[in-house]
Amino acid sequence: MDSFDIHPVNLIKALSMALELAVHGMSSHHWRTALVCDRIAKNIRLNAVEHQRLVYTALLHDIGAASSWSERKKIIANEQTNDQGMYRHAEDGYLLLKDSVQLGDLAEPIRYHHDRWAGGNYSGLRGEQIPLISRIVHIADRIEILIHNNEFIFDQSKRILTVIEKESGIEFDPSLVTAVKELTKKESFWLDLVNPNYYEVFFKSLDVYGSIRYSLDDAINIAEIFATIIDRMSSFTATHSRSVAKIAAFLAEIKGFSADEVKNMKIAGLLHDLGKLAIPNEILEKPGKLNNGEVVIIRQHTYYTYRILEQIDNFDTIAKWAAYHHETLDGQGYPFRIKEESIPLGSKIVAVADIFVALTENRPYRENLSEIKVKSIIFKMAENGKIDKSIVNDLFEHYHEALEIMLDLKAIAI
Ligand SMILES: [Fe+2]
Ligand SMILES: [Fe+2]
Ligand SMILES: [Fe+2]
């Protein structure tokens, strides 16, 4: 695992799937918006560097809304307006990415991706003052939103174009409307958009862009951004993913994992709850007991963590370490119900780290627990054949160091 080297598009397109998670399945808003952007870029002959930046921006453009279901609903229901709602998630996306070494150059275009050509924007920008990439994402985003999934694409292409043309010079850059009118003459444009099997080929075609490759440290930095998004879903989990990452890395070191394996463990810890983006905030924040329907929804999260992470090159191990954290040694866990011998040691470590961190955090239905209580719960789980005894022993032997790691992180969060 030492030659970690992946193309940015490989990681970004997979993580953009996390922005599509919903209670019942997934949508493909970001992928489709990226495809429309790519077609516009080709039509206007955008240079290769900006073309690449455009596609990455499109793949993450609504990242600022991912933690909040009410924000996401606003985007779907209210895409036509330019009120505070649209401004909020664009600004939050900017704030999330602006200091990132890897994704920082997507921050500005994301910030203005709902700005209207004619002005009247929070930013004060209008016309060509709005970055070109933002203008392209804006029009591509609207085209995507206007597609109805249960209607034949050629029965709606006219309607979509009429809406776009009507907004030329008002909402959208007129030269981009011209480009859209031209490129949408091709039947293949519409057919590609609604053909899920085409996307693999599309993303492969983007491999040609740029020579930058992500290292393991780059992947950790990007995982940290997603950890922030996941942890923001509930005030009770402000540092949960980071804590699990640190504790899991700590336990992995005790078990003698190599330096690169410990880095992989950090990524697994940061992203172990990635699939939680499929759970409405109200369920995560609910005080008291969850009903059966809510439990089913919550339990989907590790499935999605796995299916998203397994798509990333060199992430086979990370996907397992991250997503098997609710599997138990006796095969009664979820969602794969695998048994002890099929669960890698790294996954067993994340499971113990997750339980330890959860028990020492506050929860909507209880305050954090005393040391004796935490230890007795964990000990019982090991005795009952749910979690690995040797990892629990490691944790108990270094209990106060582990607690200190947790406290340090809480201090940073405050
Ligand atoms: Fe948006
Ligand atoms: Fe969008
Ligand atoms: Fe979990």
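Counting starts at 1 for both ligands and their atoms, following the listed order.
- Note on residues 157-184: pairs passing ring-ring contact (aromatic ring centres under 6.0 Å, His included), not counting sequence neighbours, are H138-F172.
- Every pair passing salt bridge (Lys or Arg N to Asp or Glu O under 4.0 Å) that includes a residue from residues 327-347 is listed here, sequence neighbours excluded: D330-K386.
- For an aromatic pair to be called close, the ring centres must be under 6.0 Å apart, and F356 with Y399 satisfies this.
- Sorted by first then second residue, the salt bridge (Lys or Arg N to Asp or Glu O under 4.0 Å) pairs that include residues 269-279, not counting sequence neighbours, are D273-K276.
- A distance-only check finds a donor-acceptor pair linking the side chain of R159 to the backbone of L146 [under 3.5 Å].
- For the Fe ion (ligand 3), the count of nearby protein N, O or S atoms, meaning those under 2.8 Å away, is 4.
- Residue H113 counts as close to the Fe ion (ligand 1), with an N, O or S atom under 2.8 Å.
- For residue H30, no N/O/S atom approaches the Fe ion (ligand 2) to within less than 2.8 Å.
- Between W31 and L59 the shortest side-chain heavy-atom distance falls below 4.5 Å.
- Taking 2.8 Å as the threshold, D141 does not count as a candidate ligand of the Fe ion (ligand 1), since none of its N, O or S atoms lies below it.
- Between H272 and H301, a ring centre-to-centre spacing not shorter than 6.0 Å is recorded.
- The NE2 atom of H29 and the OD2 atom of D62 meet at the Fe ion (ligand 2) at an angle of about 100°, given to 10°.
- For the pair H148 (side chain) and N150 (backbone), a donor-acceptor distance under 3.5 Å is absent.
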